Amino acid sequence: MAEDTAEKKSFLDSFAEVSAKIGNQVHLRSLRDAFATVMPIYILAGIAVLINNVVFPLFLTGDALANAQYWGNAVIQGTLNVATIVLAGIIGYCLAKNKRFENAIACVVIGIAALCIMMPQSVNSAAASIQDFTELTYKSTTDKDAEPYTVTREEVESGLAIPEGYEISSVGSSSVSNVFTKTYTGTNGLFGAIIIGLVATTVFIKFSQNEKLRVNLGEGIPPAVADSFNTMIPMLITLAIFGLIAALLHGIWATDLMTLINTCIAAPLKGFVNAGPWFVILVYTLANLLFCLGIHQSTISGVLAEPILTILITENMAMFAAGEPIPADHYMNMQIINTFALIGGSGCTLMLLADTFLFSKNKASKDIAKLALLPGIFNINEPVIYGYPIVYNLPLIIPFVLIPDLFIGLTYALTCAGILAPCVVMVPWTTPVFISGFLAVGGGTAGVVAIIWQVIEFALGMLIYLPFMKVSERAQAKQAELANAEA
Amino acid sequence: MKTILLACNAGMSTSLLVQKMQKEAQAQGLDVQIKANPLNKALEMIDQADCLLLGPQIAYAKKEAVEAAGDKPVAVIAMVDYGRMNAKKILDDAMKLMGE
């Protein structure tokens with residue numbers, strides 16, 4: 001029996017050790033730090049989206065509404081629409097900090113510059129909206145050999161009639177060639193920011209640490225001058241390489257890295273995360289189990305699931321702001337976790353606290369519940385996890401891990417069934433339950449449905465926690481008895 | 001004046017503990033200052049501190065913290081003390097660590 005527990009312990013220990021290793025991997029950790037740093041601007045965007053699309057339409061219409069919404073659109077322009085550029089810089093900074101590289105600010109520059117180097121230099125006409133055309137080319141739908149002909153915008157606007165049997169074959173849009181397209185500066189480019197930011201910073205740090213690239217300017221030169229050269233040369237080499245790659249991609253395949261990343265990496269990943277709730281459930285099972293061993297769950301979930309889930313919710317916000325419907329491959333996102341499966345913190349422990357207040361006779365449990373209630377309302381629950389405790393307490397580990405899984409699965413299923421609206425607003429994870437549900441789906445009737453679902457979740461969670469709480473209290477009472485008998 | 005640095009995942013739950021420890025220190029008439037930060041920030045500030053306490057949720061980072069801390073004492077707060085916010089016990093342990 002003793003050997004048995006020893007073996008079990010060592011399995012748990014190695015699980016914890018492996019998890020800590022994954023969570024501490026420098027690139028993954030930098031990614032987690034970067035998203036934590038950039039979070040405020042996403043939250044801000046969420047507030048702007050809510051006010052613009054939910055609050056203003058309540059009492060404004062027509063031009064007045066459009067004028068008021070200019071405010072929200074301006075905030076979105078400065079947050080969501082530049083999210084990729086901001087993230088690339090922050091990733092550079094976080095990676096530099098985590099690698100203990102001195103010149104972190106140079107890494108911010110590298111991240112942003114390398115990203116922009118990889119952006120397309122012109123907008124192809126398909127990406128431009130048809131309203132932006134400068135000329136239209138028509139071809140015959142009946143006669144294949146007929147010459148296509150082109151009309152200019154002025155001609156169309158002056159009321160030129162198009163002969164029957166012709167349709168638009170291409171839209172000329174020379175006027176959009178001289179813009180910095182926000183196709184990839186907004187939420188669509190976040191994957192690119194991650195990959196390019198991490199790679200460029202890593203390469204830059206490698207070059208900076210290379211002794212051969214250091215300039216020796218001799219004794220009389222102030223050290224600051226030498227330092228500036230020592231940053232400049234690795235920076236030049238790094239960015240030149242990225243420029244070369246951009247030129248090759250454009251010259252040979254007529255494409256750019258941002259497009260490649262989006263089609264070859266981002267799209268399949270999003271599909272994978274949304275091919276049912278299974279991947280997310282697996283990650284959070286492991287993550288919550290890890291918390292039961294005393295190590296913070298974000299060690300795993302923060303690196304394996306949160307970056308992609310966060311990208312999905314920011315894209316939803318952008319689509320919601322633009323009045324577009326949310327596609328099914330965006331139903332699973334960060335808000336399903338933070339709003340519907342993390343009520344009162346990891347493991348939905350607020351329900352355990354409610355059970356404790358109503359049904360527990362154990363004084364120690366009640367004391368800790370009192371202490372943990374206020375932070376718990378804001379979804380902070382370390383006091384419960386370590387004090388109740390959940391850690392190494394098998395009866396409570398079971399519901400702690402199972403309830404979030406159940407809620408992720410059910411919330412996702414309800415969204416797919418069309419009962420619950422998909423989440424479209426990023427709400428801070430510290431937002432109390434019920435308020436969080438109402439805001440996450442964009443308020444209104446959908447918000448009320450979300451609150452009802454959270455109420456059902458709350459009742460369900462209390463029901464599941466209750467028998468396990470009783471078992472845990474009985475075990476604790478027995479232990480106390482044994483301890484007394486020994487003493 | 002001694003400075004005790006607390007580190008945890010996001011600095012959220014530890015800041016709760018800081019308040020309680022600060023009160024406890026005042027009650028005991030100790031001349032200490034207590035600060036909570038996320039791990040990375042805490043490691044940067046280590047020069048201004050006299051000891052570093054890690055929340056149990058980042059116990060795995062102890063090795064890294066010890067390396068960064070040099071000769072300053074580093075310890076992980078016991079899970080039960082942390083959960084029950086036992087400020088007195090944690091403060092007493094910290095004072096012992098600093099040889100007071």
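This is a predicted model, so every value here is computed, not measured. Within every chain, numbering begins at 1; the chains are lettered A, B, ... in the order of the sequence lines, protein sequences first and strands thereafter. Quick note: numbers below take in every heavy atom, side chains included, and nothing from hydrogens, waters or symmetry partners.
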Measure [X] against the heavy atoms of chain B and call it side chain, backbone, both or neither at under 4.5 Å.
X        : value
A/Phe378 : neither
A/Leu293 : backbone
A/Ile385 : neither

>> Looking at every heavy atom in both A/Ile43 and A/Val427, which two are closest together, and how far apart are they?
In response: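 Shortest heavy-atom contact: CD1-C, 3.9 Å.
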[X]-[Y] side chain donor-acceptor pair, cut-off 3.5 Å:
X        : Y        : value
A/Thr430 : A/Asn379 : no
A/Ser346 : A/Tyr284 : no
A/Glu473 : A/Ser360 : yes

> With only heavy atoms counted, which part of B/Leu17 is less than 4.5 Å from chain A, the side chain, the backbone, both or neither?
Replying inline: neither
> Where does B/Lys20 contact chain A at under 4.5 Å (heavy atoms): side chain, backbone, both or neither?
Replying inline: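 Just its side chain gets close to chain A.
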> So which pairs with a foot in residues 22-44 of chain A pass salt bridge (charged side-chain N to carboxylate O under 4.0 Å, His left out), sequence neighbours left out?
Replying inline: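 Found A/Arg29-B/Glu64.
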